[in-house]
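Structure first, commentary second.
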Amino acid sequence: MKNMVNLPLYNNVFCDSSDALSLANRDGLLSNSSPVRTSSPALLWKKKKYIVPFDAIWSESRMKKFQSEIGINSRKILDMCIKSGQYSYSESLTIASSFVSFNKFLFKAACLNEKDLTENRLYIKINTKENKKENRLNSPIERLLHSNENFHIQQYSLDNYTSNSPNSAKFWTRISFGGIETVVYRMSLLLSRLVPKIFNRRQALIVGENEILIETASNLFLKGFCIKKVHQNYKDLTNNKQTISINNEITELVKRSIKKWTAECFIEKCLEVFVHDTTNLLNDLSLYIANWDFILSKEMYTNNVILINAPGNVSGFALKHVSQEKNMKIVSFQHGVTHEICETHEEVSVHYEINSSDFMITYNDESKLIMEDYNFSNAGAITCGISKRHLRAKNNNFSNALTSNTFVYLSTNLYRGNIGWFGTCDTDYRRAIKESNLINEVLSKLPHRVCYKRYPEENKRYIDKDPVINEIDGHNSIEVCDDDIDARYSLNKYKVIITSGATSTLSWAILSNRPVVLINSKNNIPLRPEILSVFSKSIFLFDDSDDNFHIRLKKFLSLPVKDIYTMWDRKESNRRLMIEQYFNRYDNGKSGTKAGKFIYKIVNFN
């Protein structure tokens, strides 16, 4: 492998950036017939003969089989680790988690062939001002082809990196939406710094936040708890590497998985990457354990409980390890409605909150059942209902409702790039095509104005502008929402909500009490098959695999708004039952109170 300058023309190129490709052409590195292999929807959108899909090998059926095996094999690995007695529970979670992430790499490796290891290849990398994001924007193929003496790298610095992170809503909007519970919570954090430790008999340590966690902490504060935020101080982490070997049973399972998807010449290379990355992750775990031990040792003067959001990561695994040693209970809180409605969510089941905690607070009984089915830690799940913030989504206090018949399309078209989970059987380019077809065949042809709300993209997948946005620019009746405010704050502005996929976005839409049109796709974050009938009776459900899907959807959305509302009202009784089962078990807005009461008991009797 060589970093290259003034090398000859290349007849096989890897590149995921239009601007970088143009610079390579400027520098005379490409011939007119050089095939450019890319995953970038923007590059493929140009429909140039020499630009070809890097991931063309991945048909829908092949991707479905690949995706479905990730969760199965990760749980096998977790079970092997636990039963072997060789690893602690936190180490077992880390190894299984590493395998889940490794499949992103394996997916890319499967796109390469034997010739890529010997023949002339050019890899065009990009560098941006956002240096931390650089590796995420570049494909990992360098790790596979570095032994090829004819493999060369050319790197270009680009300054057009922009993310689609949601902006903050106005201060009073956030206060109104968060309610008095959020105000009390923020005050409790401030007071925790002022009250002498000697007066704190009970304490809730906060690691991350979400809606129901904040409301629970607020309730605990009113019960006399000190509320204190704690977090890892990464500057304190010292690198004391230790070698933890991956046993043969695990490596053989991983090797079988690799062999199923890649060319034979890449099997050992892929296995080396898995072992290397897993070993590094285990080393990170030991650093996190030492840091959490240092942090929690300062809090041993009182009865503690740890409240955590999204603990399914190495830091969370380490916290679980330390909390057990110090006899502190961890209570995790459901982050969103997904696993109870999504068919493909098992892919990340080893990351479920319940596996990194002692108790988990859920929104509904379906979530509780699923969490307990995938529970490796003997933790308990308690159903307390959804947060008040979710229930406030149906109020009209946060923005003025539009008088015009404006619809909103809440897009869930978040590309995978090099970092996203799967949950889908479509490549990024196929997803872009389907999104474009929906815009051109349906949304742009309605008698109502449509606002296209992009899915928040805090970690950009491709540096090029999404070609789907360019498609929208060519139509008069549809426009991109340019405020980039989280959709939850503005749903009441719209008459009808359209969205797709079984994501947490759906819960905010349904609880807004606006008519909801859900596009279900068997290839992209689909609903679980067994709940399709329930959803069809409760909301407006369209399946993109049905005959004349676009025609039927366009016809429905072209109806007068009054007619849509009439049909929506007819589904109310069924919808109430659906919400209770799959979204919010209790509609009294007391989830924080219920969770607080439970936590108060476990702290008192701990």
Side-chain angles (χ1 to χ4, degrees), residues 60-61 63-76 334-355 360 362-376 381-383 385-386 390 410 412 421-426 434 497-511 515-547 549 552-553 567-568 570-587:
E60 292 178 2
S61 58
M63 274 191 75
K64 186 169 186 176
K65 185 171 178 57
F66 178 83
Q67 191 275 338
S68 66
E69 292 184 0
I70 296 173
I72 295 170
N73 286 331
S74 65
R75 291 193 298 277
K76 283 182 181 178
Q334 185 168 344
H335 185 69
V337 175
T338 308
H339 50 262
E340 55 266 76
I341 63 173
C342 179
E343 181 184 7
T344 57
H345 206 260
E346 290 182 10
E347 172 188 339
V348 293
S349 55
V350 297
H351 294 101
Y352 283 171
E353 296 96 321
I354 198 166
N355 287 317
M360 179 184 172
T362 66
Y363 296 161
N364 52 73
D365 291 335
E366 191 71 18
S367 174
K368 171 183 165 69
L369 289 172
I370 290 173
M371 286 295 107
E372 290 177 341
D373 278 348
Y374 291 102
N375 179 9
F376 283 85
I382 303 92
T383 301
I386 212 162
H390 284 85
L410 303 178
T412 56
W421 304 116
F422 290 86
T424 172
C425 305
D426 277 333
K434 290 181 177 180
I497 300 170
I498 310 159
T499 191
S500 60
T503 73
S504 58
T505 298
L506 184 59
S507 60
W508 291 99
I510 287 176
L511 292 172
V516 175
V517 179
L518 175 64
I519 300 167
N520 186 52
S521 172
K522 65 179 182 180
N523 290 329
N524 287 310
I525 325 173
L527 289 171
R528 291 162 51 199
E530 62 267 30
I531 69 175
L532 288 172
S533 176
V534 173
F535 274 63
S536 181
K537 294 173 183 177
S538 307
I539 61 175
F540 301 121
L541 184 63
F542 289 82
D543 195 306
D544 71 354
S545 63
D546 288 347
D547 293 339
F549 158 67
R552 292 176 57 248
L553 181 60
M567 289 185 283
W568 178 255
R570 290 174 187 158
K571 293 174 176 278
E572 183 178 0
S573 58
N574 287 323
R575 187 163 55 253
R576 208 178 305 124
L577 294 173
M578 177 198 70
I579 289 173
E580 182 178 310
Q581 184 171 1
Y582 297 104
F583 295 90
N584 178 31
R585 175 64 180 84
Y586 303 105
D587 194 30

(request) Compare every heavy atom of Pro526 with every heavy atom of Ser521, then report the nearest pair and how far apart it is. (result) O-CB, 3.0 Å
(request) Decide side-chain contact (heavy atoms from CB on, under 4.5 Å) for Leu506 and Val516; before the verdict, give the C-alpha distance in whole Å, the side-chain angles of both, and the deciding distance to 0.1 Å. (result) CA-CA 9 Å; Leu506 184 59; Val516 175; 4.1 Å; yes
(request) Report the C-alpha distance between Lys368 and Ile382 in whole Å, list the side-chain angles of each, state the deciding distance to 0.1 Å, and finish with yes or no for side-chain contact (heavy atoms from CB on, under 4.5 Å). (result) CA-CA 7 Å; Lys368 171 183 165 69; Ile382 303 92; 5.9 Å; no
(message) Less than 4.5 Å apart, side chain to side chain, heavy atoms only: is that true for Phe583 and Tyr363?
(response) no
(request) List the atom of Ser349, the atom of Tyr374, and the distance in Å for their closest heavy-atom pair. (result) CB-CD2, 4.0 Å
(message) Please find the pair of heavy atoms, one from Asn364 and one from Arg585, that lie closest to each other, and give the distance.
(response) CA-CB, 3.9 Å
(request) Compare all side-chain heavy atoms of Arg570 with those of Met567 and state whether any distance is below 4.5 angstrom. (result) yes
(request) Taking the six-membered ring for Trp and the single ring otherwise, decide whether the centroids of His351 and Trp421 are under 6.0 Å apart. (result) yes
(message) Counting only heavy atoms from other residues, nucleotides and ligands, does the tally under 6.0 Å from NE2 of His335 exceed 12?
(response) no
(request) Could you walk me through whether Glu340 and Gln334 pass side chain to side chain donor-acceptor pair (under 3.5 Å), step by step? (result) CA-CA 11 Å; Glu340 55 266 76; Gln334 185 168 344; 2.8 Å; yes
(request) List the atom of Met371, the atom of Ile354, and the distance in Å for their closest heavy-atom pair. (result) O-CG2, 3.5 Å
(request) Show the numbers, then the answer: is there a side-chain contact (heavy atoms from CB on, under 4.5 Å) between Met578 and Ile531? (result) CA-CA 9 Å; Met578 177 198 70; Ile531 69 175; over 6 Å; no
(message) For a quick test of reading the model, state the closest non-hydrogen atom pair linking Leu541 to Phe535 and the distance between them.
(response) CD2-CB, 4.3 Å
(message) Closer than 4.0 angstrom, basic N to acidic O: yes or no for Glu366 and Arg528?
(response) yes
(message) Counting only heavy atoms from other residues, nucleotides and ligands, does the tally under 6.0 Å from NZ of Lys571 exceed 12?
(response) yes
